[in-house]
Amino acid sequence: MVENCSDLEGFLLFHSLGGGTGSGLGSLILENLVMEYGEQTRINFSIYPGSKNAVSVVEPYNTILSMRSLIGSSDAVVVLDNEAVYEICQNHLNIRRPTFTNLNRLISQVISSMTASMRFNGDLNASLNEFKTNLVPTQNLHFMFPSYAPIIPKENNENSSDITNEVFGQANSIAKCDPRQGRCLAGTLMYRGDIVQEEVISSFADLRATHTFRINDWCPDEVKWGINAQKALAFSNDDIWRVAKSACMISNSTAIAGVFARLNCKFELLYAKRAYIHWFVVEGMESDEFAEACESMAQIEQEYINAGVEA
Ligand SMILES: Nc1nc2c(ncn2[C@@H]2O[C@H](COP(=O)(O)OP(=O)(O)OP(=O)(O)O)[C@@H](O)[C@H]2O)c(=O)[nH]1
């Protein structure tokens with residue numbers, strides 16, 4: 001397939017981190033892509049494990065081990081956090097016990113919004129390269145924090161919504177952390193559908209005036225926004241109401257350190273007892289690899305914390 005491309009731009013990789021295949025094979029594929037096609041952009045859509053739908057006790061190990069290759073080999077990782085998506089399904093969409101199908105429907109809206117500008121004519125992030133260049137200020141800080149609005153349950157279609165305000169709030173975050181606690185290093189806000197440009201400009205000005213989000217101090221205009229006329233689709237059996245306008249924010253926010261702290265904590269609880277390590281060693285892993293993965297994870301968490309400190 002790659003050989004048949006006339007102008008290959010890059011690769012989008014979809015995987016979860018909690019299981020063996022998504023984390024192990026996913027990392028292997030990513031590392032092989034670096035060797036074979038190092039020049040091309042690699043963007044990962046990675047599902048981070050949540051506590052409510054964990055399928056294995058070793059999910060914290062699988063996640064931290066694969067983070068090492070995501071840090072070293074991916075150009076940008078979109079963090080899709082099952083912990084956050086599960087809560088959104090419960091709290092916004094009134095689904096008492098969300099299934100993977102419910103989670104995936106919401107996640108697919110985020111991915112679809114993100115790739116809309118590559119699939120339909122629009123004015124922002126028309127290529128993977130632009131996406132990477134705009135959002136990644138320094139090499140390691142390439143973990144993207146998505147949020148989406150509106151998230152209106154199907155049975156409540158009268159609900160009106162200020163999508164610009166919502167997309168900056170914690171309740172609509174697809175990663176379990178509070179964007180207002182962090183600093184936005186770079187961001188892309190992608191609107192879809194029937195959007196009035198003047199409304200966006202005035203909502204944005206309000207947000208800035210009320211300091212709803214904090215931007216970095218070296219490039220304060222770093223949130224780019226664009227409109228794509230193609231509105232988001234929803235299927236007849238979808239959980240979200242089909243809307244005329246929506247917004248998806250992909251930000252490189254230092255708040256993501258909160259997700260890493262949660263994962264680190266789970267890893268360390270198991271690793272302190274060296275619990276379940278023998279299952280990995282039997283498969284050929286060295287026990288040193290755990291310590292190294294733990295170290296690079298702590299390092300990336302700290303890098304994000306440092307980036308959030310005011311100059
Ligand atoms: N959002 C979402 N998460 C999923 C889905 N399926 C699995 N997960 C999560 O992904 C992680 C790994 O799930 P697995 O299905 O075991 O992953 P795998 O990569 O196939 O790994 P092995 O089964 O160990 O080979 C867990 O944290 C699950 O909760 C899905 O359809 N949607």
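In this chain, numbering begins with 1 at the start of the sequence shown. As the structure lists them, so they are numbered: ligands from 1, and atoms in each ligand from 1.
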Within 6.0 Å of CZ in Arg97, more than 12 heavy atoms from elsewhere: no
Side chain to side chain donor-acceptor pair (under 3.5 Å) between Ser253 and Tyr304, worked out: CA-CA 8 Å; Ser253 166; Tyr304 265 109; over 6 Å; no
Ligand-side contact atoms (ligand 1) for residue partner Ile47, heavy atom cut-off under 4.0 Å: 1 (N), 3 (N)
Protein residue, atom and distance nearest to atom 29 (O) of ligand 1, heavy-atom basis: Asn53 O, 2.8 Å
Pairwise salt bridge (Lys or Arg N to Asp or Glu O under 4.0 Å) hits with a residue in residues 11-36, at least two apart: none
From Asn252 atom CG to Asn134 atom CG, the distance as rounded to the nearest 0.5 Å: 11.5 Å
Protein contact to atom 11 (C) of ligand 1 [nearest heavy atom, distance to 0.1 Å]: Ser16 OG, 3.5 Å
Any N or O of Ile107 closer than 3.5 Å to N or O of ligand 1: no
Contact (N/O only, under 3.5 Å) between Thr21 and ligand 1: yes
Atom 31 (O) of ligand 1: nearest protein contact (heavy atom, Å): Asn104 ND2, 2.9 Å
Identity and distance of the protein heavy atom lying nearest atom 28 (C) of ligand 1: Phe100 CZ, 3.7 Å
His15 versus Asn44, side-chain donor and acceptor atoms under 3.5 Å: yes
Side chain, backbone, both or neither: the part of Thr101 lying under 4.0 Å from ligand 1 by heavy atom: neither
Minimum-distance protein heavy atom relative to atom 14 (P) of ligand 1: Val55 CG2, 4.1 Å
Test of ring centre spacing under 6.0 Å for Tyr276 and Tyr61: no
Of the listed options Ser108, Gly20, Pro49, closest to atom 22 (P) of ligand 1 (non-hydrogen atoms): Gly20
For ligand 1, the portion of Glu59 having any non-hydrogen atom under 4.0 Å away: side chain
Heavy-atom nearest neighbour in the protein, as seen from atom 12 (C) of ligand 1, with distance rounded to 0.1 Å: Gly19 N, 3.2 Å
Residue Gly22 vicinity, atoms of ligand 1 by number, heavy atom under 4.0 Å: 18 (P), 19 (O)
Reported CD1-to-CD1 distance for the pair Ile111 and Ile174, which is rounded to 0.5 angstrom: 10.0 Å
Protein contact of atom 3 (N) of ligand 1 - nearest heavy atom, named by residue and atom, plus distance: Asn82 ND2, 3.0 Å
Non-hydrogen atoms of Pro150 and Lys245 that approach each other most closely: CD-O, 3.4 Å
Reference residue Asp81; test salt bridge (Lys or Arg N to Asp or Glu O under 4.0 Å); the match among Lys52, Lys176, Arg262: Arg262
